[in-house]
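Below you'll find the structure, written out as C-alpha cells, and then a few comments.
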Protein chains: 2
Amino acid sequence: MFDTLIRKLSQAGGLTEADHKTLRQVSLRSRQVPARRDLTSEEDRPENVHLVLSGFVCRYKILPKGQRHITALMVPGDFCDLHVAILDEMDHSIGTMTSCTVVEISRATIHDLTANHPRIAHALWWATLVDEAVLREWLVCLAGREASKRMAHLFCELLLRLSVVGLVKDDSYTVPFTQIDLADMLGLTPVHVNRVVQHLRSENLIVLRRHHVQIPDKARLMTYCDFIPNYLHRRPRVK
Amino acid sequence: MFDTLIRKLSQAGGLTEADHKTLRQVSLRSRQVPARRDLTSEEDRPENVHLVLSGFVCRYKILPKGQRHITALMVPGDFCDLHVAILDEMDHSIGTMTSCTVVEISRATIHDLTANHPRIAHALWWATLVDEAVLREWLVCLAGREASKRMAHLFCELLLRLSVVGLVKDDSYTVPFTQIDLADMLGLTPVHVNRVVQHLRSENLIVLRRHHVQIPDKARLMTYCDFIPNYLHRRPRVK
DNA sequence: CCGGTACTCTATCCTATGTTAGAGTGATGG
DNA sequence: CCATCACTCTAACATAGGATAGAGTACCGG
C-alpha cells in the first residue's frame, strides 16, 4: 500500500509516470511507530518530514494550563509536517493516535523534490493548501456551530477523507478516538462529548461504538450539519 | 512603501538583491480598492493573486444561516490568496475592511516565480506556512480560551504583526474593526464583544476607542492571555 | 443644521456547555 | 480469575455566553 501517497498527490493533477517512480523511491524506507508517541514535539528542530502510510496521527498544542488541543488529523497518505522543511521551529507537536507506519523523508530530499521536480513540488504545495482549507473549516465549525453539529461535521469529513484512501466500507469506518480525544478536537469537555454522542445516536445520525463509526444515512447527516465538501478540494475521480 | 513585500518575505531568509529586483518588478502595478468590497468570492476561479500594500483585508466564510465568520486577517505585506494559483476553486471569500492598495499578480507570474526563482518560491512557501500557523493558533484560541483572553490574544498578535510593517507607534495602532467584525473573528455575539471590551478596559489591559487600540502594558496583556509569539515565526531583526 | 444610518452600549432572560464527582463497564496482564 | 486501568456514562449544579430588544451616541450627506 505504498501507493497511498501517489493516490493522494495525484489529486493535485498532472503527475507523470516518472514522478510516480520518484515518489516510490522516496517512500521506500518506512518504519513502525507505536501508538501515543510523539513524532516531533514543540520546539524541536526535527530533520525529517513524516508521511503516514497507515494509522492515525494528530497535530496538537498544549495550552499553559495543560489542556491539549488537537488542530488536525492525519490519515494514511497525509504529510504530518511539511512545515519542518521550511520553518525553523515547530510551534506544536505531532503524535500518533494508533500504531502507525510512517515514512521519514529528510529536509534535503524535500528540497530536492521541490527544486528538481516541478510537478511534485506543485503537488506538495497543493497538499499543504488543502490542509489549510481543512483547518479553516475546523475554525469555522468551532466558532459557529453547536457541539452536535460540530461532531457530525467531523464524521462527515472523515467519511470523505478516509474513502479517498479506501478505508470506508458501507459508510462505516474505524477511528481510534476515545471520547477524550474527541473533546480535544471539538473544543468540548469529555462529559459534553458523551452527551452529544448519545444525542446523535438517539437521532440515528451516527452510531459510534468501540471505535467504530456507522453512518445510517449519509445524506441526512450531511444535511443535519450543513456539510459542504468543497473545502476538501477533491478532484473528480478520473483524470 | 512598495517594499512592504520585500520586508516581509525577507523574514523567510536568504533573498538576494536580484530577488528584490524581481519582486519590485512584480509589485509595480498596484490598484486602489474601496472598503467593504470583495476581492474574490467563493466559487470564483479568479485569475489573480492579491497582495496587500495598505489597508486591512479579511478572509471569511458565510455559513448557511447567513452568519459570517472571519478566518484570517491580512495586513500590509500579506498575500490574500496564494491558494488561487494552485487550487481550482475558492472555498471562501476575501474582502477589504478598509480602502486598500493591492497588487494583483497573475497565476502565470506566480508560476513563473516558483519555477524560476527558487529563493522566492521558498519565501512564498514560507509565507503560507506562517499563515497556517496563525490559523492554527486562532483555532486553539477559539477552542480553549474564554472570550476576553481570546480578544486580548488577538490584540497581542496584531501588535506584533503590525509592528513588522511599521504600523505600531508607542504600543498603539489603528484597526478598522467594528465590534461586529470582532464578533465575527472571535466567534462571539456583538453583545458579548461589547461586554468583553468593557471588561478589558476596566482592567486597563486594552483601551479600544474609535478604531484605535492602546496597550498600556504590553507585558501584562501578554501574561493575561498566555500569549506565546513563537507561532508567528518572526526572525531575529537583522539577517 | 437636520435626519438617517451605523455603531455602541445596557438590561433581562435563557440555554448550551462546563464542573465535579462518582458509578458502570470492558479489556488486559499477571 | 482477579485486580487494575482506562474509558464510558450519569447526575446535580454552576456559568459563560447567546437572544432579543431597545436606548444612547457619533458620523455623514444634503
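So you know, we letter chains A, B, ... as the sequences are listed, proteins then strands, and number each from 1.
Of the possible polar contacts, none joining the A/Asp91 side chain to the B/Leu232 backbone as a donor-acceptor pair under 3.5 Å is found. In this structure, the side chain of B/Thr96 engages the main chain of B/Pro34 through a donor-acceptor pair within 3.5 Å. No donor-acceptor pair under 3.5 Å is formed between the side chain of A/Asp38 and the backbone N or O of A/Ser41. Here the side chain of B/Arg107 pairs a donor or acceptor atom with the backbone of B/Val84 at under 3.5 angstrom.
Annotation: salt bridge (charged side-chain N to carboxylate O under 4.0 Å, His left out) contacts involving residues 183-212 of chain A, sequence neighbours excluded, comprise A/Arg68-A/Asp184.
Classification of B/Asp181 and B/Arg36 as a salt-bridged pair holds, one side-chain N sitting under 4.0 Å from a carboxylate O. Between B/Arg145 and B/Glu137 there is a salt bridge, since at least one side-chain N of the basic residue sits less than 4.0 Å from a carboxylate O of the acidic one.
One axis for each end of the helix from C/dC1-D/dG30 to C/dG30-D/dC1, each built from five base pairs, and the angle between them comes to 50° at 10° resolution.
Across every non-hydrogen atom of A/Ala152 and A/Leu200, the tightest pair is N-CD1, 4.3 Å. Across all non-hydrogen atoms, the minimal contact from B/Ser54 to B/Thr101 is OG-OG1, 2.8 Å. Of all heavy-atom pairs spanning B/Met74 and B/Cys58, the tightest one is CE-C, 3.9 Å. Summarising the geometry of A/Val213 relative to A/Leu208, their closest heavy-atom pair is CG2-CD1, 3.8 Å, with the distance given to 0.1 Å.
Note that NE2 of A/His69 is 13.0 Å distant from CZ of A/Arg59, once rounded to the nearest 0.5 Å. Rounding to the nearest 0.5 angstrom, the gap separating the CG atom in B/Asn194 from the CG atom in B/Leu188 is 11.5 Å.
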Readout for nucleotides 6-17 of chain C: B = base within 4.0 Å of protein heavy atom, S = sugar-phosphate only, - = neither; 5' to 3' it is -SSBBBB----B
Once base and sugar-phosphate atoms are separated, protein heavy atoms under 4.0 Å mark nucleotides 25-30 of chain D, 5' to 3', with B, S and - as --S---
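Heavy-atom distances under 4.0 Å link DNA chain D to no residue of residues 61-72 of chain A.
In this structure, B/His83 has its ring center under 6.0 Å from that of B/His92.
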Could you list the protein-to-nucleotides 28-30 of chain C atom pairs, N/O on both sides, closer than 3.5 Å?
none

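Between B/Phe177 and B/Phe56, the two ring planes are perpendicular [angle over 60°; tilted spans 30° to 60°].
Following rounding to the nearest Å, A/Leu142 (CG) and D/dG17 (P) show an atom-to-atom distance of 14 Å.
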